[in-house]
Visitor: 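Quick one: the structure is below, questions incoming.
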Amino acid sequence: MRCDGVAEDCKDKRFGPWTLDFDEAFDRPFDSRWCAHRLGGSIDDIFNMTHHIAQYEEMCIMIVRVDAALERSQMYAQMVETGVTKVRSDVALTAEEQAFQIRIDAGVKIEAKDSMPENYRKTLIRQMSQHAHSEIVGQLPEANWITRAPTLKRKAILLAKVQDEAGHGLYLYSAAETLNVTRDQMTRDLLSGKSKYSSIFNYPTLTWADMGAIGWLVDGAAIINQIPLCRCSYGPYARAMIRICKEESFHQRQGFDIMLSLCRGSEKQKAMAQDALDRWWWPSLMMQGPPDAESTNSAQSMRWKIKLFSNDELRQKFIDQTVPQAEFLGLTIPDPELKWNEERKSYDFGPIQWDEFYEVLRGNGPCNRDRMRTRNRDHETGAWVREAAMAYAEKHERRVETTAQEESA
Ligand code: BYC
């Protein structure tokens, strides 16, 4: 199978017409060197493209998006009718804000010590801390199944995945700390309910198939959202996301693998997989955030290149990627209006129950209270670990100081 494309909107002519042979991509793990060779660019240029190769046991899906021009995200911001008018026109910006915007438009990465508009800093703290909280709270629904995983192998894999989520939270809290906010403050905001975390983690995990559905759908939706974040304008966030995305890719595969085993199992196991898909499908679509017309932050975040794609664009990508995977599993997406649109080369889909999403955001989802209770309890019972770690760090620091003094005496 061959795929041809022309990166017409690329100013960078090195990404002119391209052809990819899917057979050649078969069985090939993600390899930036190979991609660079095939597309005629350098390895650095690969970071200006969104490449995601997902490889499954018997199915290999390759998604290649040529998205090289730095101007492209700006073009998107102009193209997408977000329905909000929160972006100030250039003339309304102060001289410093204009200078900052010029750097953003030129694709310059903003680093921790650079000057930045206060609202840029606050927007990043909001998004990055929410993202970090989602990783931490996201451990709870899966941790629920560690003791009940069906085999030792599945248990070890799930345990590793849940540990990875804690690691993602740590990278993100550390990256957010470069913006002059402390981790203690961010934690307080989570525990008091001031700061949000992803709506998806307020749904219960009722069966083992939910571990498959979370990996396949929730991590799948997360990857679609997070790959563009590797190129966002804030350096520490972008760099943290590169490693996170690599691990998320593994998470999604393990979820798909659970679904595949269930779908190849008994009728009862397949029904369990279908039930999990029925319950997780719509909340996974909501994960990408409200529709563009109701997204209060998108327009400004896209102008600042914190977001490179709108919520609706990411949702559509997720659907287009996931429907063929469901077909491969022999499962039915619970949407009678889902239909391939040949003209748009995308799937049309039925209405999303946004009332449910906003109820979850207001704290009235099936598990909101339980998640917050558990998180607060774990924070309190874990106090001794933090105290011990601090005491050890202080002791270590004192020892280093004493040794240095002894050596200089
Ligand atoms: N849930 O203006 P909008 C994971 C809020 S973890 C809750 O479009 P924005 C995983 C939004 O905050 C994956 N709230 O906002 C972990 C805003 O309220 P505020 C988590 C949501 O920021 C463990 C309001 O609605 N991923 O994969 O431009 C195990 C209006 O929305 C949600 C990230 O955090 C939601 N779903 O866009 C397994 C990615 N959606 O703050 C898996 C980084 C919207 O103004 N975050 N809201 O009071 C983002 O990309 C963006 O923040 C969003 C929202 C696309 C989520």
Side-chain angles (χ1 to χ4, degrees), residues 80 82-84 86 119 122-144 158 161-169 171-172 175-176 189 193-203 205 210-211 213-230 232 234 237-238 240-241 244-245 247-252 254-255 280 282-304 306-315 318 352 354 356-363 365 368 371:
V80 172
T82 59
V84 290
K86 282 214 157 180
N119 280 340
K122 282 189 179 155
T123 300
L124 279 169
I125 292 175
R126 179 186 62 79
Q127 179 168 322
M128 290 165 74
S129 62
Q130 285 179 8
H131 194 164
H133 301 331
S134 304
E135 302 284 357
I136 299 302
V137 178
Q139 293 179 100
L140 300 177
E142 292 184 295
N144 186 31
L158 185 60
K161 180 184 191 267
V162 173
Q163 282 178 338
D164 280 356
E165 309 300 359
H168 296 174
Y171 308 152
L172 288 162
D189 289 346
K194 185 177 165 203
S195 188
K196 293 187 171 77
Y197 59 87
S198 184
S199 50
I200 194 80
F201 301 118
N202 292 306
Y203 290 86
T205 43
D210 289 9
M211 295 305 97
I214 289 187
W216 173 39
L217 301 174
V218 176
D219 287 291
I223 292 170
I224 299 267
N225 166 290
Q226 291 175 358
I227 285 186
L229 288 175
C230 299
C232 80
Y234 189 55
Y237 193 18
M241 288 315 303
I244 291 177
C245 281
E247 292 175 357
E248 294 290 15
S249 187
F250 157 74
H251 294 174
Q252 196 219 8
Q254 69 84 36
W280 290 93
W282 294 104
S284 300
L285 298 193
M286 294 173 195
M287 240 183 111
Q288 306 291 6
D292 291 355
E294 290 169 29
S295 166
T296 43
N297 303 297
S298 277
Q300 185 59 66
S301 290
M302 290 176 83
R303 183 94 207 267
W304 278 328
I306 294 171
K307 282 170 92 161
L308 301 187
F309 296 96
S310 79
N311 299 354
D312 285 337
E313 285 175 316
L314 294 173
R315 196 165 8 256
F318 170 68
I352 296 173
W354 289 111
E356 176 184 320
F357 172 76
Y358 289 118
E359 270 308 299
V360 174
L361 255 56
R362 276 194 282 273
N368 292 60
R371 299 288 181 244

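Counting starts at 1 for both ligands and their atoms, following the listed order. If you're wondering where the values come from, they're calculated on a predicted model, not measured in any experiment.
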Visitor: Does atom 53 (C) of ligand 1 have any protein heavy atom closer than 4.0 Å?
Guide: no
Visitor: Quick check for you: to the nearest 0.5 Å, what is the distance between K196 atom NZ and S134 atom OG?
Guide: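 It is 11.5 Å, given to the nearest 0.5 Å.
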Visitor: N/O to N/O below 3.5 Å, does that happen between S134 and ligand 1?
Guide: no
Visitor: Does any N or O of ligand 1 fall below 3.5 Å from an N or O anywhere on S295, backbone included?
Guide: yes
Visitor: In the protein, what heavy atom is nearest to atom 42 (C) of ligand 1, and what distance, to one decimal place, separates them?
Guide: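 For this ligand atom, the closest protein heavy atom is D219 OD1, 3.4 Å.
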Visitor: Can you tell me which portion of L314 lies within the under-4.0 Å heavy-atom range of ligand 1? Options are side chain, backbone, both, or neither.
Guide: neither
Visitor: Rounded at 0.5 Å granularity, tell me how far OH in Y197 sits from CG in L361.
Guide: 10.0 Å
Visitor: For ligand 1, indicate whether the residue I200 contacts it via side chain, backbone, both or neither (heavy-atom separation under 4.0 Å).
Guide: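 Answer for I200: neither.
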Visitor: I'd like to know if the side chain of S298 and the backbone of S295 have a donor-acceptor N/O pair within less than 3.5 Å.
Guide: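 Side chain of S298 to backbone of S295: no pair is present.
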Visitor: Among all protein heavy atoms, pick out the one at the shortest distance from atom 56 (C) of ligand 1; state its residue, atom name and that distance to 0.1 Å.
Guide: M287 O, 4.2 Å
Visitor: M286 heavy atoms, cut-off 4.0 Å: which ligand 1 atoms fall inside?
Guide: 36 (N)
Visitor: Please indicate whether any nitrogen or oxygen in E165 is less than 3.5 Å from any nitrogen or oxygen in ligand 1.
Guide: no
Visitor: Measuring from atom CD of E248 to atom NE2 of H168, what distance do you get when rounded to the nearest 0.5 angstrom?
Guide: 5.0 Å
Visitor: Hey, does Y358 sit under 4.0 Å from ligand 1 if you only count heavy atoms?
Guide: no
Visitor: Checking side chain to side chain contact (heavy atoms under 4.5 Å, CB included) against F357, which of E294, R362, M287, M286 comes through?
Guide: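 Answer after filtering E294, R362, M287, M286: M286.
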Visitor: Which one holds for R126 and ligand 1: side chain close, backbone close, both close, or neither close, with close meaning a heavy atom under 4.0 Å?
Guide: side chain
Visitor: Identify the closest protein heavy atom to atom 40 (N) of ligand 1: which residue and atom is it, and at what distance?
Guide: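 Nearest neighbour among protein heavy atoms for atom 40 (N) of ligand 1, to 0.1 Å: G289 CA, 3.2 Å.
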Visitor: Just verifying a value: how many Å separate I214 CD1 and L158 CG, rounded to the nearest 0.5 Å?
Guide: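 So the CD1 of I214 and the CG of L158 are separated by 9.0 Å.
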Visitor: Could you give the distance from OG (S284) to CG (D219), rounded to the nearest 0.5 Å?
Guide: 10.0 Å
Visitor: Answer side chain, backbone, both or neither: which part of H131 comes under 4.0 Å from ligand 1, heavy atoms only.
Guide: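 For H131, backbone and side-chain atoms both sit under 4.0 Å from ligand 1.
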Visitor: With heavy-atom distances below 4.0 Å as the criterion, list the atoms of ligand 1 near A222.
Guide: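 Those of ligand 1 that fall under 4.0 Å from A222 are 27 (O).
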Visitor: Looking at A221, is its backbone amide N or carbonyl O close enough to the side chain of Q288 to form a donor-acceptor pair, meaning the two atoms are under 3.5 Å apart?
Guide: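 The answer is yes, because a donor-acceptor pair under 3.5 Å joins these two groups.
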Visitor: Would you say the side-chain atoms of E142 pair up with the backbone N or O of Q139, donor to acceptor, closer than 3.5 Å?
Guide: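 Judged by distance alone, no pair lies under 3.5 Å.
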Visitor: For ligand 1, find out whether one of its N or O atoms is nearer than 3.5 Å to an N or O atom of Q130.
Guide: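 Yes, Q130 has an N/O under 3.5 Å of an N/O on ligand 1.
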Visitor: Could you find the nearest protein heavy atom to atom 4 (C) of ligand 1 and give me its residue, atom name and distance?
Guide: F201 CZ, 3.9 Å
Visitor: Just need the protein heavy atom nearest to atom 15 (O) of ligand 1, so name the residue and atom and give the distance.
Guide: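 I find the closest protein heavy atom is N297 ND2, 3.3 Å.
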Visitor: Kindly say whether D312 contributes a backbone atom to a donor-acceptor pair with the side chain of D292 at under 3.5 angstrom?
Guide: yes
Visitor: Look only at the side chain of R371 and the backbone of F201, and say whether a donor-acceptor pair between them is shorter than 3.5 Å.
Guide: yes
Visitor: Find all atoms of ligand 1 within a distance of less than 4.0 Å from any non-hydrogen atom belonging to E142, and give their numbers and elements.
Guide: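 Listed by number with element, the hits are 29 (C).
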Visitor: Using distance alone, determine whether Q288 and ligand 1 share an N or O pair under 3.5 Å.
Guide: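 Not met; the criterion fails.
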Visitor: Report the part of V360 (side chain from C-beta onward, or backbone N, CA, C, O) that has a heavy atom under 4.0 Å from ligand 1; answer both or neither where that applies.
Guide: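 No part of V360 comes within reach of ligand 1.
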Visitor: Of all heavy-atom pairs between F309 and M302, which one has the smallest distance, and what is that distance?
Guide: C-CE, 3.8 Å
Visitor: Just heavy atoms, cut-off under 4.0 Å: does K307 contact ligand 1 by side chain, backbone, both, or neither?
Guide: side chain
Visitor: Atom NE2 in H131, atom CD in E135: separation rounded to 0.5 Å?
Guide: 4.5 Å
Visitor: Going by heavy atoms in the side chains, are M241 and C232 under 4.5 Å from each other?
Guide: no
Visitor: D189 side chain to S195 main-chain N or O, any donor-acceptor pair under 3.5 Å?
Guide: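 Side chain of D189 to backbone of S195: no pair is present.
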Visitor: When you measure from atom 44 (C) of ligand 1 to every protein heavy atom, which one gives the shortest distance, and what is it?
Guide: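 For atom 44 (C) of ligand 1, the nearest protein heavy atom is P290 CD, 3.5 Å.
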Visitor: So is H168 in contact with ligand 1, going by heavy-atom distances below 4.0 Å?
Guide: no
Visitor: Which is it for H251 and ligand 1 at heavy atoms under 4.0 Å: side chain, backbone, both or neither?
Guide: neither
Visitor: Would you name the heavy atoms of I223 and P228 that are closest together and state the gap between them?
Guide: O-CD, 4.4 Å
Visitor: Check ligand 1 against Y237 and write out every atom of the ligand that is under 4.0 Å from a heavy-atom position of the residue.
Guide: 43 (C)
Visitor: Counting distance only, does the side-chain N/O of S301 pair as donor-acceptor with the main-chain N or O of N297 below 3.5 Å?
Guide: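 Yes; at least one donor-acceptor contact below 3.5 Å.
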Visitor: Tell me which one of R315, K196, Q252, K194 gets a heavy atom nearest to atom 18 (O) of ligand 1.
Guide: K196
Visitor: What is the closest protein heavy atom to atom 35 (C) of ligand 1, and at what distance does it sit?
Guide: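 I find the closest protein heavy atom is S199 OG, 3.5 Å.
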Visitor: Distance-only, no hydrogens or angles: does the R315 side chain make a donor-acceptor pair with backbone N or O of G289 under 3.5 Å?
Guide: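 Between the backbone of G289 and the side chain of R315 there is a qualifying donor-acceptor contact (under 3.5 Å).
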Visitor: Which residue and non-hydrogen atom of the protein lie closest to atom 30 (C) of ligand 1, and at what distance in Å?
Guide: T296 OG1, 3.7 Å
Visitor: Output the list of atoms in ligand 1 that are nearer than 4.0 Å to some heavy atom of Q226, sorted by atom number.
Guide: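 What qualifies from ligand 1 is 13 (C), 26 (N).
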Visitor: Output yes when the distance from some N or O of ligand 1 to some N or O of N225 is under 3.5 Å, and no in every other case.
Guide: yes
Visitor: Under 4.0 Å from any heavy atom of Y197, which atoms of ligand 1 are there?
Guide: 1 (N), 7 (C)
Visitor: Considering only heavy atoms, which of L140, N202, L361, I136 lies nearest to atom 5 (C) of ligand 1?
Guide: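 Among L140, N202, L361, I136, the closest heavy atom to atom 5 (C) of ligand 1 belongs to L361.
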